[in-house]
Amino acid sequence: MSIIYNEQDRSFTLQNGRIAYVMQLFHDGYLGHMYFGRALKHFNLQRAFYQTEREGAPNPEALADARTFSLDVLPQEYPTYGSGDYRIPALEATLSNGTTTLDLRYKSHEIFQGKKSLAGLPATFASDKEATTLEITMQEVGGELEVVLSYTIFDDVDVIARHATIKNIGSGTVYLRKAASLSIDFPEADFDRIHLYGKHAFERNIERTPLNHGIEISSSTRGATSHQHQNFLALCAHNADEFQGEVYACGLVWSGNYEAATEVNSFGNVRMTMGINGFDFKWQLKADESFTTPEAVLVYTADGFNAMSQHFHTLVQEHLVRSQHKDQLRPVLVNSWEAAYMDFTEDSIVRFAEDAVKLGAELIVLDDGWFGVRDKDNCSLGDWTEINAKKLPNGIKGLCDRIHGLGCKFGLWIEPEMVSPNSNLFRSHPDWALGVPNHIRQQQRNQYVLDLSRAEVRDYVVDSICEVLGSADIDYVKWDMNRNLTDIGSAAFPAEQQQEIVTRFVLGVYDIMERITSKFPNILFESCAGGGRRFDLGMLYYMPQVWTSDNTDEVCRQKIQYGTSLVFPPITMGCHVSACPNHQVGRSTPMLSRFICAMSGNFGYEMDLGKLSAEEQEEVKSHIALYKELRPTIQQGKFYRLMSPWEGTQNETAWQFVAKDGSEVVFMYFKNQCLPQGNIRKVRLTALDENATYKVTHHLFSPSLAANALDYLSNYNLEGDIFGGDELMHFGINMDKVDRDFAGHLLVFKKQ
Ligand code: GLA
């Protein structure tokens with residue numbers, strides 16, 4: 001891994017032996033982007049940017065005679081508006097004289113080992129041995145702005161991390177209108193565009209479309225990443241699939257409004273940008289002040305989407321999650337929400353826990369409803385230290401101690417960023433909620449959002465939450481965030497800074513998360529936001545796992561978890577078995593299929609296990625025991641998608657886990673709708689040892705329901721059978737003809 005500046009052709013090359021990222025300075029310091037892709041041994045930069053006259057493309061004055069150089073066609077690193085480039089800019093600002101034309105030129109650069117942290121922001125980290133960083137300082141020709149572009153290349157993952165710091169080096173006041181984290185230009189637009197869209201309870205659906213001319217944007221204006229769009233974008237070759245093909249993907253280490261855009265111009269070039277949303281963004285920079293963008297990460301692979309995901313997964317686990325729980329096996333969790341909602345007492349939760357612990361549960365989580373007068377979701381948010389004495393007469397400690405007495409860990413739900421209109425907190429501090437003069441605030445789930453741009457509000461939140469968390473020996477916290485932002489205004493800031501508040505809110509969230517999580521390093525924190533509204537790289541810096549979705553239906557979850565795994569490793573994905581009929585979609589599916597789907601991540605239950613029949617309880621007990629046995633492979637191994645629920649029959653899904661040392665393979669297959677005389681599906685596994693054989697140690701599938709099914713079923717149990725690694729990868733394995741809807745199959749192979 002190295003970064004080299006070549007004085008002869010004024011080029012910068014970042015490379016790690018597998019990938020390279022090349023930039024070059026042109027003329028008076030224009031910074032061009034020349035290449036991102038597989039590592040190259042030789043690169044003739046004379047021919048890399050083909051210069052020719054383009055009608056309508058402006059030329060810098062000094063080069064006007066030749067008419068072959070224009071910023072409108074130069075592939076660039078951090079483009080601006082007003083000096084010739086008409087494509088999407090990375091940076092927009094209003095200078096102190098009111099003008100908006102910007103023209104950035106190279107000033108200096110620095111190369112160093114390792115990676116700096118970003119003050120107040122989540123970011124990837126690496127030791128001096130693991131990464132090298134280049135900082136290029138650009139100066140705006142008008143003399144008011146300096147921009148430092150930062151690039152880090154990692155040794156163990158094919159990722160470039162980028163961010164920019166913009167500083168006011170003049171004496172007047174400048175307003176930033178947009179400051180992207182990355183911009184990258186590709187000479188050809190022959191790509192498909194992949195993005196993840198969704199809604200509450202159906203997050204991260206995969207959408208793949210060919211790139212179109214013009215600008216396409218996926219974004220959030222909701223104050224959080226959002227259920228609707230994920231701050232991830234990929235461009236891929238038309239023939240790319242899970243196993244092969246070029247993919248260029250980016251993700252943002254940020255949890256607020258964002259914008260991910262592509263633009264294809266008339267010459268067939270494509271620009272991809274990602275960063276804080278420029279919509280409704282304005283940031284005041286007085287003399288000497290600077291603004292640092294969130295970090296964006298760029299992945300390149302020639303080996304398809306599984307390889308892309310492996311890079312994201314390694315980046316998350318090795319260079320983003322800081323929690324001491326990162327490498328620890330995560331406990332089997334049983335959450336009270338769908339079991340009791342807000343209708344519980346200390347005794348009922350202890351009974352709930354006893355039943356769960358008997359079956360193998362390791363962590364009992366008390367969800368919403370334990371504070372203030374909260375029997376419904378319309379009150380008491382903010383009154384964290386007022387423990388509901390009717391439900392918990394002995395406080396959190398009383399309950400926590402009794403749960404610990406069962407030999408089990410105890411966890412608690414909180415939603416610190418919010419306040420209910422009906423709360424003592426709001427009655428005493430109505431101005432602590434975000435709000436705009438002369439406007440009546442919008443409610444969502446009968447709640448307002450706290451103005452976390454204000455230090456005293458953040459201090460209140462930190463103090464009250466720390467008081468609760470310090471009052472008992474709490475092992476786990478589910479940190480929720482159940483509404484989008486509206487009425488974004490702060491009573492503490494002047495008019496010129498009101499458009500900073502939506503960004504300051506997120507910085508405030510990071511501040512309280514930093515303070516609370518570092519005060520309680522032993523607590524395992526799980527982030528949640530109405531399920532997956534804020535499942536992003538920013539949150540994972542503070543909390544090592546996320547509640548993936550409020551939807552626990554096994555069929556929907558196949559799609560949600562498949563889409564989520566594009567970026568996030570299964571250990572980060574909270575996945576629970578819940579009761580049937582399912583509370584979100586009313587569907588009933590077999591317990592085994594629910595288990596196989598939920599065990600494909602950070603496993604738990606979202607139901608009252610004590611209400612199951614004795615037979616069902618035995619089944620649950622065996623599932624939990626099996627999960628514990630396979631947990632190292634699932635939580636710490638590698639994950640590969642094999643069959644997409646979005647493609648092919650759209651009726652089947654398959655994926656697999658391979659243990660870190662390759663010794664175990666856990667394979668899952670789902671077929672949702674049974675069809676008469678259905679095809680026998682042959683699924684090919686991947687990433688096995690071609691020279692080894694694999695023995696089936698577990699083979700579970702839901703029994704057929706068709707009347708004539710029983711006689712052949714017993715023949716299909718493969719436990720004890722041996723398959724070749726090459727056979728499983730190249731021939732594949734025939735799945736059972738199970739005649740029922742919502743069939744789930746689990747096969748565990750041990751390498752011989
Ligand atoms: C959100 C979460 C749920 C649950 C409720 C409690 O919707 O996603 O899991 O915690 O809040 O109010």
Side-chain angles (χ1 to χ4, degrees), residues 198-204 222-228 255 333-344 349 352 363-384 388 391-392 396 410-423 443-450 465 468 474 476-484 509 524-536 539 543 545-553 556-557 560-561 564 572-579 582-585 598 601-608:
K199 52 188 160 188
H200 174 243
F202 213 168
E203 299 88 340
R204 289 171 292 284
R222 293 166 192 265
T225 303
S226 86
H227 290 111
Q228 283 69 18
S255 313
L333 177 166
V334 180
N335 181 298
S336 68
W337 182 238
E338 288 191 12
Y341 292 103
M342 297 191 198
D343 184 12
F344 58 81
I349 293 295
F352 166 79
L363 164 63
I364 300 299
V365 179
L366 176 61
D367 211 283
D368 196 354
W370 52 265
F371 48 91
V373 290
R374 193 157 162 99
D375 293 326
K376 279 195 184 156
D377 60 12
N378 61 0
C379 66
S380 303
L381 292 170
D383 298 341
W384 300 109
N388 186 312
K391 296 184 194 180
L392 302 179
I396 298 292
F410 174 73
L412 197 64
W413 177 97
I414 56 173
E415 194 182 355
E417 299 152 57
M418 300 291 153
V419 61
S420 306
N422 179 10
S423 66
Q443 294 190 12
Q444 202 180 307
R445 215 186 188 216
N446 293 121
Q447 61 197 59
Y448 298 144
V449 182
L450 283 173
I465 294 293
V468 175
I474 293 169
Y476 161 103
V477 162
K478 177 179 175 187
W479 181 309
D480 213 335
M481 190 270 192
N482 273 319
R483 66 159 286 182
N484 297 317
V509 170
L524 170 62
F525 282 87
E526 175 157 338
S527 144
C528 170
R533 168 190 282 118
R534 210 166 54 179
F535 200 146
D536 58 51
M539 281 297 124
M543 306 188 185
Q545 58 191 61
V546 188
W547 181 223
T548 310
S549 175
D550 276 350
N551 188 343
T552 47
D553 168 60
C556 295
R557 273 293 187 130
I560 296 168
Q561 292 172 205
T564 304
T572 64
M573 290 160 43
C575 301
H576 300 172
V577 173
S578 61
N582 176 269
H583 289 205
Q584 290 77 39
V585 297
N602 205 317
F603 177 64
Y605 288 83
E606 196 85 6
M607 63 195 291
D608 191 339

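Counting starts at 1 for both ligands and their atoms, in listed order. Remember, it's a predicted structure, so these values are computed and weren't measured experimentally. In this chain, numbering begins with 1 at the start of the sequence shown.
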Can you sort out the partners of Phe525 under ring pair (Phe, Tyr, Trp, His ring centres under 6.0 Å), two or more places apart, ordered by chain and number?
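Listed in chain order: nothing, the list is empty.
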In chain order, what residues pass the ring pair (Phe, Tyr, Trp, His ring centres under 6.0 Å) check against Phe352, with sequence neighbours excluded?
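Applying ring pair (Phe, Tyr, Trp, His ring centres under 6.0 Å) to Phe352 gives none.
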Can you tell which of Gln584, His227, Glu203 makes a side chain to side chain donor-acceptor pair (under 3.5 Å) with Ser549?
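In the set Gln584, His227, Glu203, the residue that makes a side chain to side chain donor-acceptor pair (under 3.5 Å) with Ser549 is Glu203.
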According to the interplanar angle, ranging from 0 to 90°, do the rings of Trp413 and Phe371 count as parallel (below 30°), tilted (30 to 60°) or perpendicular (above 60°)?
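Correct class here is parallel.
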Under a 4.0 Å N-O cut-off, is there an ion pair linking Asp375 with Lys391?
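Result for this pair is yes, salt bridge flagged.
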Going by salt bridge (Lys or Arg N to Asp or Glu O under 4.0 Å), name the pairs with one or both residues in residues 525-534, residues two or more places apart or in two chains.
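Qualifying pairs, neighbours excluded: Glu417-Arg534.
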Which parts of the protein, at residue level, reach under 4.0 Å of ligand 1 through a heavy atom?
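Shell around ligand 1 (4.0 Å, heavy atoms): Trp337, Asp367, Asp368, Trp413, Arg445, Lys478, Asp480, Asn482, Cys528, Gly530, Gly531, Trp547, Asp550.
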